[in-house]
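No hydrogens, no waters, no symmetry mates; every other heavy atom, side chains included, goes into these values.
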There are 2 protein chains.
Amino acid sequence: MDTMKDCTIYKTIDIIGKRWTLCILLELYKGNNSEKRFNELKKKVAGITPKTLSTRLKELGEDGLVKRTLDEATDPMVYTYSLSESGADFMEIIQSIKEWGLEWKFENKACGLSKCKNCKL
Amino acid sequence: MDTMKDCTIYKTIDIIGKRWTLCILLELYKGNNSEKRFNELKKKVAGITPKTLSTRLKELGEDGLVKRTLDEATDPMVYTYSLSESGADFMEIIQSIKEWGLEWKFENKACGLSKCKNCKL
DNA sequence: CTTCATAGTATCCATCAAGAAACTGCCATT
DNA sequence: AATGGCAGTTTCTTGATGGATACTATGAAG
């Protein structure tokens, strides 16, 4: 019990292991990590409900992976989301997951390219 | 929907994203990836129930990450579990998760060592 | 003045995963 | 003869997650 709770790997998995989280991170990364808005993400992350997206963005904000900025110039308030520095660095994990998957489990021409047409990674 | 289902990253996460999975993989890796038995794993992976361990080992076996071998010399039948080649290679992902966690989220003296005293990674 | 889009929140409900606990069958030990 | 270990399976229950749907408030567009 104690050893598990102290494990960096486990604590990290707690942050990123939830459904949709990777998907959202990936979506934010696309297009040179440009800022994105709520409904834009909702469309891209096909199938996610607004409730879940809202929850995940909040969690990722609290964990420091995603920046939520209020654009004060607009009215009504418009928030934009983008990856923080740690969120961008997280793409390295995603990259290693992808490499393992391609090596051992899946054939995917798109992902085999240096830049996958689906995930842009 | 389609893009998600075709994504190598997502398919890989499906395999390894479940609770306890990483823990079991890590435990199998320890001690130079020596063969381990059911109750041995149950003790090491503190808190897991036999039911869940049984389920996970089956899944990991089907996905090719874990080898289950029947030791025919013993009676009654004794199965031993160990990482397959792809399972061992999977440690690279775990390593990158650990590095990210240590860089951005957690301070952990043990994990900071080249060989963590908890996870032996 | 009605409808649409944005950016979510609120409510309810169904499913599923996981925990607890007991049980099986076989063997070795005491 | 009884206890305990090994390797799980079975049953029952609960808690959390996520899906569906509707709703709010604001402003723009037609």
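Residue pairs meeting the salt bridge (Lys or Arg N to Asp or Glu O under 4.0 Å) criterion with at least one member in residues 60-69 of chain A: none, sequence neighbours excluded.
Taking atom CD of residue B:E35 and atom P of nucleotide D:dC6, one finds them 17 Å apart after rounding to whole Å. Counting to the nearest Å, the P atom of D:dC6 and the CG atom of B:L70 are 17 Å from each other. One atom, NZ of B:K36, and another, C1' of D:dG8, lie 20 Å apart when rounded to the nearest Å. The distance between atom NZ of B:K18 and atom C1' of C:dA17, rounded to the nearest whole Å, is 9 Å. Regarding B:L41, its CG atom lies at a distance of 10 Å from the P atom of D:dG8, rounded to whole Å. As a whole-Å value, the separation of B:K42 NZ from C:dA20 C1' is 13 Å. B:I48 places its CD1 atom 13 Å from the P atom of D:dT9, with the value rounded to the nearest Å. The CG-P distance, from A:D14 to D:dA16, rounds to 15 Å in whole Å.
For B:E92, the side-chain contact (heavy atoms from CB on, under 4.5 Å) criterion is met by B:D89, not counting sequence neighbours. Taking B:T49 as the reference, B:K51, B:T52 meet the side-chain contact (heavy atoms from CB on, under 4.5 Å) condition, with sequence neighbours excluded. In this view, A:R19 satisfies the side-chain contact (heavy atoms from CB on, under 4.5 Å) rule with no residue, not counting sequence neighbours. In this structure A:S96 satisfies the side-chain contact (heavy atoms from CB on, under 4.5 Å) test together with B:I93, B:S96, sequence neighbours excluded.
With D:dG8, D:dG19, C:dG8 as the choices, the nucleotide that has an atom nearest any side-chain atom of B:Y79 turns out to be D:dG8. Distance from the side chain of A:Y81 is smallest to C:dG8 among C:dG8, C:dA18, D:dC6. Comparing atom distances between the B:N39 side chain and each of C:dG19, D:dC6, C:dT6 picks out D:dC6 as nearest.
Contact annotation: B:R37 side-chain N/O to D:dG5 OP1/OP2 distance is not under 4.0 Å. Distances shorter than 4.0 Å separate none of the side-chain N or O atoms of A:R19 from OP1 or OP2 on C:dA17.
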For this session: With salt bridge (charged side-chain N to carboxylate O under 4.0 Å, His left out) as the test, would you mind laying out the steps for A:K18 and A:E59 before giving the verdict?
Result: CA-CA 10 Å; A:K18 291 181 185 170; A:E59 292 165 357; 3.4 Å; yes
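Near-neighbour residues of DNA chain C inside residues 50-58 of chain A, defined by a heavy atom below 4.0 Å, number-ordered: A:P50, A:K51, A:S54, A:K58.
With A:T12 contributing its side chain and B:W100 its backbone, the two residues share no donor-acceptor pair below 3.5 Å.
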